[in-house]
There are 2 protein chains.
Amino acid sequence: MNKYRLTQTRSQLLKLLKNTPLPVSAEDLLQKVPVNKTTIYRQLTSMVAQGLIKPVLFTDRTLRYESADRDHHHHLICTNCKKIIDISFPENIEQTAQTSASAQKFKINTHHLEFFGLCQNCQ
Amino acid sequence: MNKYRLTQTRSQLLKLLKNTPLPVSAEDLLQKVPVNKTTIYRQLTSMVAQGLIKPVLFTDRTLRYESADRDHHHHLICTNCKKIIDISFPENIEQTAQTSASAQKFKINTHHLEFFGLCQNCQ
DNA sequence: TGACTTTTGCAACTAAGTTGCAATAATATA
DNA sequence: TATATTATTGCAACTTAGTTGCAAAAGTCA
Ligand SMILES: [Mn+2]
Ligand SMILES: [Mn+2]
Ligand SMILES: [Zn+2]
Ligand SMILES: [Zn+2]
């Protein structure tokens with residue numbers, strides 16, 4: 001009853017996305033899997049729809065994806081070497097923001113938070 | 001001694017960017033100022049370099065700009081109608097995050113935070 | 001095995017943004 | 001003010017991430 005078929009290509013891509021701890025771009029995948037770029041883009045779209053992966057947009061405007069079975073977290077991004085480090089934020093940001101948002105009758109559902117700076121190597 | 005010249009085009013664009021409270025895209029400007037798109041992109045780059053405006057990348061991947069003389073703030077974005085509302089966040093996010101970041105010897109300089117949800121009209 | 005449906009590759013396309021170059025406009029200086 | 005200098009502009013051509021239509025290939029299920 002699952003309309004998604006587990007093709008060779010799909011499993012290879014999923015394996016890579018599951019095993020790579022940090023967000024992967026379409027181009028990264030293209031270099032590692034012998035498949036047409038059209039297929040990469042279509043598979044990424046399909047996997048997002050299926051809830052297997054999540055898109056993460058970086059400020060260099062590259063769109064990357066990471067496995068969806070991760071806990072909610074954020075990223076530290078080195079502005080020099082582009083290294084990405086996962087980080088979890090201790091407080092409930094949405095709850096804090098909802099207080100100000102309520103004044104405008106805005107209902108917050110999700111948020112997106114990234115930090116920029118220098119990694120150990122680059123400082 | 002200022003290498004930036006205050007041309008007709010530049011003043012028109014600056015005026016729009018100063019008077020529009022919410023982030024403006026290159027396309028927005030193109031529709032309002034009778035000027036070539038190449039000029040728009042070059043002026044935006046130049047104004048960012050000069051520190052007059054700041055680029056803001058939204059998760060829908062549109063790049064927008066807003067006047068740089070604003071206090072640090074964030075955005076509430078309606079996922080339905082794309083309305084943008086400015087919001088300030090009461091706490092020092094970077095300080096809180098720096099505690100976790102220090103474990104990886106990462107030095108935070110800036111951050112980027114957006115909230116998504118529904119505006120009053122769309123809920 | 002088929003029949004049915006999804007996935008794939010290919011080539012052509014789209015759209016945001018960039019580049020080189022010659023013409024034009026702004027500014028500095030005589 | 002007139003002229004020299006340098007930045008800005010428009011244009012056309014280009015780049016590049018991502019998209020689309022279509023026919024062939026592969027996956028699923030009876
Ligand atoms: Mn991550
Ligand atoms: Mn704003
Ligand atoms: Zn680094
Ligand atoms: Zn709305």
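All values below were derived from every heavy atom in this structure, side-chain atoms included, with hydrogens, water molecules and symmetry-related copies excluded. Small disclaimer: the values here were computed from a predicted structure and weren't measured. Labels below follow one simple rule: chain letters A, B, ... track the order of the sequence lines, proteins then strands, and each chain is numbered from 1.
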Report task. Using a 4.0 Å heavy-atom cut-off, write out nucleotides 18-26 of chain C from 5' to 3' as B (base contacted by protein), S (sugar-phosphate only) or - (no contact). Result -> BBB----BB
Report task. Using the closest heavy atom to pick a nucleotide of DNA chain C for each, name whichever of Tyr4(B) or Ala26(B) lands nearer the 5' end. Result -> Ala26(B)
Query raised in the report: Do the side chains of Val56(B) and Glu66(B) get nearer than 4.5 Å, heavy atoms only?
Result: yes
Query raised in the report: Given atom CG of Asp28(B) and atom P of dG17(C), what is their separation to the nearest angstrom?
Result: 11 Å
Query raised in the report: How is Thr9(B) classified with respect to the nucleic acid when contacts are heavy atoms under 4.0 Å: base, sugar-phosphate, or nothing?
Result: sugar-phosphate
Query raised in the report: Among pairs that include at least one residue of residues 75-93 of chain B, which meet salt bridge (Lys or Arg N to Asp or Glu O under 4.0 Å), considering only residues two or more places apart or in two chains?
Result: Arg70(B)-Asp86(B)
Query - Protein-nucleotide distance (Leu63(A), atom CG; dA17(D), atom P), rounded to Å - result: 12 Å
Report summary line: Sorted by chain and residue number, the salt bridge (charged side-chain N to carboxylate O under 4.0 Å, His left out) partners of Lys18(B) (sequence neighbours excluded) come out as Asp69(B)
Query raised in the report: Separation of Gln12(A) atom CD from dA26(D) atom C1', in whole Å?
Result: 14 Å
Query raised in the report: Nearest-Å distance, CG (Leu44(A)) to C1' (dT7(C))?
Result: 14 Å
Query - Expected output: side-chain Gln98(A) to main-chain Phe106(A) donor-acceptor under 3.5 Å - result: yes
Query - Integer-rounded Å distance: dA7(D) P and Gln43(B) CD - result: 14 Å
Query raised in the report: If only atom types and distance count, is the side chain of Thr62(A) paired as donor or acceptor with the main-chain N or O of Phe58(A) below 3.5 Å?
Result: no
Report summary line: Note: for Arg61(A) and Ser46(B) on DNA chain D, the residue whose nearest nucleotide lies more 5' is Ser46(B)
Report task. Nearest whole angstrom, please: distance from the C1' of dA15(C) to the CG of Leu30(B). Result -> 13 Å
Query raised in the report: Over how many whole Å does the gap from Met47(A) atom CE to dT7(C) atom P extend?
Result: 10 Å
Requested in this report: Could you pull out all residues at least two apart from Arg64(B) that satisfy salt bridge (charged side-chain N to carboxylate O under 4.0 Å, His left out)?
Outcome: Asp28(B)
Requested in this report: Determine to 10° how strongly the helix from dT1(C)-dA30(D) to dA30(C)-dT1(D) is bent, judged from the axes of its five-pair ends.
Outcome: 30°
Validation: residues 44-54 of chain B side-chain donor-acceptor distances under 3.5 Å, sequence neighbours left out:
from: Thr45(B); atom 1: OG1; to: Tyr41(B); atom 2: O; distance (Å): 2.9
from: Ser46(B); atom 1: OG; to: Arg10(B); atom 2: NH1; distance (Å): 3.0
from: Ser46(B); atom 1: OG; to: Arg10(B); atom 2: NH2; distance (Å): 3.3

Query raised in the report: Would you say dC10(C) has OP1 or OP2 under 4.0 Å from some side-chain N or O of Asn36(A)?
Result: yes
Report task. Verify whether the ring centers belonging to His72(B) and His111(B) lie closer than 6.0 Å. Result -> yes
Query - Non-hydrogen atoms of Ile93(A) and His74(A) that approach each other most closely - result: CD1-NE2, 4.4 Å
Query - Whole-Å distance separating the CD atom of Glu27(B) from the C1' atom of dA15(C) - result: 10 Å
